[in-house]
Amino acid sequence: MTMRFFNTYSRQIEQFEPRNPAERAIGVYTCGPTVYSRAHIGNFRAYIFEDLLQRHLELRGYKVHRVMNITDVDDKTIRGAREAGIPLVKFTEQFKQAFFEDAETLRIKRADEFPCATDQRYIDKMIAMIGALISKGLAYQADDKSVYFRINKFPNYGKLAHFDLTQLQSTGRVKHDEYDKEHIGDFALWKAWDEEDGDVKWDSPWGPGRPGWHIECSAMATALLGDQIDIHCGGVDNIFPHHEAEIAQSEGVTGKKFVGYWLHCAHLLVDGQKMAKSLGNFYTVPDVLAKGYTGRELRYALLRVHYRVPLNFTWEGMNEARESLARIDEWLGRLRAVAKKENAQRSTPNAQRPIEKSDFENALDDDLNISAALGFLFESIRETNRAMDENKLDPGAAKGWLDWWQRINTVLDVEPQAEVVVPPEVAQLANERENARRERNWKRSDELREQISALGWEVRDTKDGSRLTGRGAS
RNA sequence: GGCGGGGUAGCCAAGUGGUAAGGUCGCGGUCUGCAAAACCGCUAUUCGCGGGUUCGAUUCCCGCCCCCGCCUCCA
């Protein structure tokens, strides 16, 4: 039951061996949002993958110390604040809040820490790291007053992305200050202040300015997790240059291997293309909620596909998620009803008791194979439903299955929130319908069922009377 | 051009050197006043294409095609 992860660094599945196996303590760093606008659901796919990772590690008994940074200063946030005519702090604050709201909607477990790049504590750390890099000859201040990392002095640069530096081509996406840098691939550690930055600036030995994006993660990761961390995650688009740069900076300063396992998740696609702000083809969490879907439905839709496989977002997929969850909800409801029976007639339980069942966790051990894990869940659902149909599942077994569910749901977290209260008018209609049915007035009964359905509720006639189910429980 | 990821049923998606999990959708059946839910059955002779290795390949090897991404501040 050792875990295996696909390590981007080696491009291979590796056995997971934490640095501190005795205490089962693990440091995990996850790249968080840049708060210049509301994060889209593609961003959240990455955070959900990291959530799954953390929850599974915890299910396996590891104590996870997870850090997620928030980038609250960069070109885009500065531009946004300027255009909005408000201070940077005020501008970013709204998107920080939105991020936490959306994360909560998606039931993403909070990281232990959410360091912000503008925190003076980390600015100081960044300045110290840059100073160390300069003294080691790994960085230099150019004529434009900015400080750059000298990639030619770091032999391993390009190893994570498997890039041959001589082959680097500009995509034209980013402007290069080619006159100032020694090498086109040298990246900014400290960006010298210019007029467009307004009052956004910090003092440093190299003059006023602000940190580069990459150094911020190196500083916060090492400040909070130490020089060496077990797992570092992000989207595949972070591999280069961001994570490559983080390695160069961190290892350049400490001389120690920065990260044990690099895990990257594939993109969320729309119409077969990457979901991105720049392409304008994105949805936010509120967009999806506005279509009538719930947070847990979106969570499930983003969670159910293996993290290294590109996932095409569609409304059909959202419906599949809804139906799959309804199946789980229904199953849980039946199990609870059976578990409550005091003296169910003793019958031979032919449904295996799940106490020893570990297929679900074992599947997740294998590089978070969620599809296989869910496959086992649904097989179990069919198996126990069959047993309940045949009245062959005794209350003890039902309780066992509920315990099993509780365990795996610490990873999935897709159970509906507390029972939704039936609105009085729906209850009234249901009551009338019961009366109509007693009088065998089927026409009236069906009309009432229609009305109830129009209000978003489903009525089902069972042996024990009618039951109401709200559609799309949150 | 370089470096990755992916191509399995209408759609989504696991998987193994021995003949294809699961979800969703559709169809038929059991149950039901009718439904719904649940269960049962059907739905890929086939896993992008072409070779090769093998008794046997979707799985290993070689070549090719297609889709997506990264190539210096995108999760």
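Below, chains carry the letters A, B, ... as their sequence lines are ordered, and counting in each starts from 1. If you're wondering where the values come from, they're calculated on a predicted model, not measured in any experiment.
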Nucleotide N/O of nucleotides 17-21 of chain B paired with protein N/O under 3.5 Å:
unit_1: B:rA21; atom_1: O2'; unit_2: A:E379; atom_2: OE2; d: 2.2
unit_1: B:rA21; atom_1: N1; unit_2: A:S371; atom_2: O; d: 3.4

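- Residues meeting the salt bridge (Lys or Arg N to Asp or Glu O under 4.0 Å) test with A:D194, sequence neighbours left out: none.
- Atom CZ of A:R322 is separated from atom C1' of B:rG23 by 16 Å (rounded to the nearest Å).
- Among the nucleotides B:rC39, B:rG15, B:rG69, the one closest to the side chain of A:H267 is B:rG69.
- For B:rU72, neither phosphate oxygen OP1 nor OP2 lies less than 4.0 angstrom from any side-chain nitrogen or oxygen of A:K181.
- Among the atoms of the strands shown, none is found under 4.0 Å from any heavy atom of A:M388.
- Taking atom CH2 on A:W457 and atom P on B:rA36, their separation rounds to 20 Å, with Å as the unit.
- Residue A:P241 has its side chain nearest to B:rU72 when only B:rU72, B:rG69, B:rA13 are considered.
- Side-chain proximity of A:V305 to B:rG15, B:rC70, B:rA13: nearest is B:rA13.
- Among the protein residues, A:H40 comes within range of the nucleic acid bases, having at least one heavy atom under 4.0 Å from a base atom.
- Checking the phosphate oxygens (OP1, OP2) of B:rC12, no side-chain nitrogen or oxygen of A:N312 falls inside 4.0 Å.
- Residues passing the ring-ring contact (aromatic ring centres under 6.0 Å, His included) test with A:F154: none are found, sequence neighbours excluded.
- Checked by atom type and distance alone, the side chain of A:D112 pairs as donor or acceptor with a backbone atom of A:R66 at under 3.5 Å.
- Aromatic ring centroids of A:F360 and A:F376 lie 6.0 Å or more apart.
- Side-chain contact between A:F114 and A:M220 is absent, with no heavy-atom pair separated by less than 4.5 Å.
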Does the pair A:Y293 and A:Y283 meet the rule for a ring pair (Phe, Tyr, Trp, His ring centres under 6.0 Å), with working shown? CA-CA 13 Å; A:Y293 294 95; A:Y283 297 102; over 10 Å; no
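- Dashed line: the shortest gap from a side-chain N or O of A:N385 to OP1 or OP2 of B:rC39 is under 4.0 Å.
- With a 3.5 Å limit on both pairing distances and Watson-Crick or G-U wobble geometry required, the stems of 3 or more pairs in RNA chain B span B:1-7 with B:65-71, B:10-12 with B:22-24, B:26-30 with B:38-42, B:48-52 with B:60-64.
- No engagement by A:G317 is indicated, since no non-hydrogen atom pair under 4.0 Å with the nucleic acid exists.
- Listed by residue number, the members of residues 442-450 of chain A with any heavy atom below 4.0 angstrom from RNA chain B are A:W442, A:S445, A:D446, A:R449.
- A:M318 has its CE atom 20 Å from the P atom of B:rC11, to the nearest Å.
- Distances were taken from every side-chain heavy atom of A:F378 (C-beta onward) to each of B:rC34, B:rG22, B:rC12; the shortest belongs to B:rG22.
- At the heavy-atom level, A:K277 lies nowhere under 4.0 Å from the strands shown.
- Minimum interatomic distance between A:S380 and A:W331 (heavy atoms only, all atoms of both residues): O-NE1, 4.4 Å.
- Ring-plane geometry between A:F149 and A:F187 is classed as parallel, the angle between the planes falling under 30 degrees on a 0 to 90 degree scale with a further cut at 60.
- Spacing of P atoms, B:rC49 relative to B:rC65, comes out at 15 Å, to the nearest Å.
- Looking at heavy-atom distances under 4.0 Å, A:R38 makes no contact with the nucleic acid at all.
- A salt bridge is defined here as a Lys NZ or Arg NE, NH1 or NH2 lying under 4.0 Å from an Asp or Glu carboxylate O, and A:D367 with A:R4 fails to meet this definition.
- Nucleic acid contact class of A:R304 (heavy atoms, under 4.0 Å, all strands): sugar-phosphate only.
- Counting distance only, with no hydrogens placed and no angle test, the side-chain atoms of A:D389 and the base atoms of B:rC31 include no donor-acceptor pair under 3.5 Å.
- Crowding of A:K145 atom NZ: a count of heavy atoms from other residues, nucleotides or ligands under 6.0 Å not exceeding 12.
- Nucleic acid contact for A:D75: none, since no nucleic acid atom lies under 4.0 Å from a heavy atom of the residue.
- If you measure from atom CZ of A:F360 to atom P of B:rG22, you get 17 Å, rounded to the nearest angstrom.
- Counting any heavy atom pair closer than 4.0 Å across all strands shown, A:G212 reaches no nucleic acid atom.
- Using a 4.0 Å cut-off between charged side-chain N and carboxylate O, A:D287 and A:R38 make no salt bridge.
- Note on A:R437: every side-chain N or O is 4.0 Å or more away from OP1 and OP2 of B:rG33.
- Within 4.0 Å (heavy atoms only), A:Y47 reaches sugar-phosphate atoms of the nucleic acid but no base atom.
- Scanning all heavy atoms of the two residues, the minimum distance from A:I127 to A:W190 falls at CG1-CZ3, 4.0 Å.
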Which atom pairs link the protein and nucleotides 3-8 of chain B when you take only N or O atoms and keep those under 3.5 Å?
unit_1: B:rC3; atom_1: O2'; unit_2: A:A161; atom_2: O; d: 3.1
unit_1: B:rG4; atom_1: O2'; unit_2: A:R11; atom_2: NH1; d: 3.4
unit_1: B:rG5; atom_1: O2'; unit_2: A:R308; atom_2: O; d: 3.0

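- Using a 4.0 Å cut-off, some side-chain N or O of A:R327 falls inside it from OP1 or OP2 of B:rC39.
- The residue A:L377 sits apart from the nucleic acid: no heavy atom pair falls under 4.0 Å.
- The aromatic rings of A:H243 and A:H264 sit tilted relative to each other, their planes meeting at an angle between 30° and 60°.
- Considering only side-chain N and O atoms, A:R334 lies nowhere under 4.0 angstrom from the phosphate OP1 or OP2 of B:rA37.
- When each of A:K109, A:R299, A:R107, A:H56 is checked for a side chain to side chain donor-acceptor pair (under 3.5 Å) with A:D51, only A:R299 meets the rule.
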Using the side chain to side chain donor-acceptor pair (under 3.5 Å) rule, take A:N369 and A:S371 through it: C-alpha gap first, then chi angles, then the decisive distance, then the call. CA-CA 6 Å; A:N369 190 341; A:S371 302; 4.6 Å; no
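- Summarising the geometry, the separation between CG on A:N369 and C1' on B:rU16 is reported as 13 Å, rounded to the nearest angstrom.
- If you take atom P in B:rG51 and the same atom in B:rA44, they sit 25 Å apart, rounded to whole Å.
- Going from atom CG of A:D461 over to atom P of B:rC34 covers 11 Å, rounded to whole Å.
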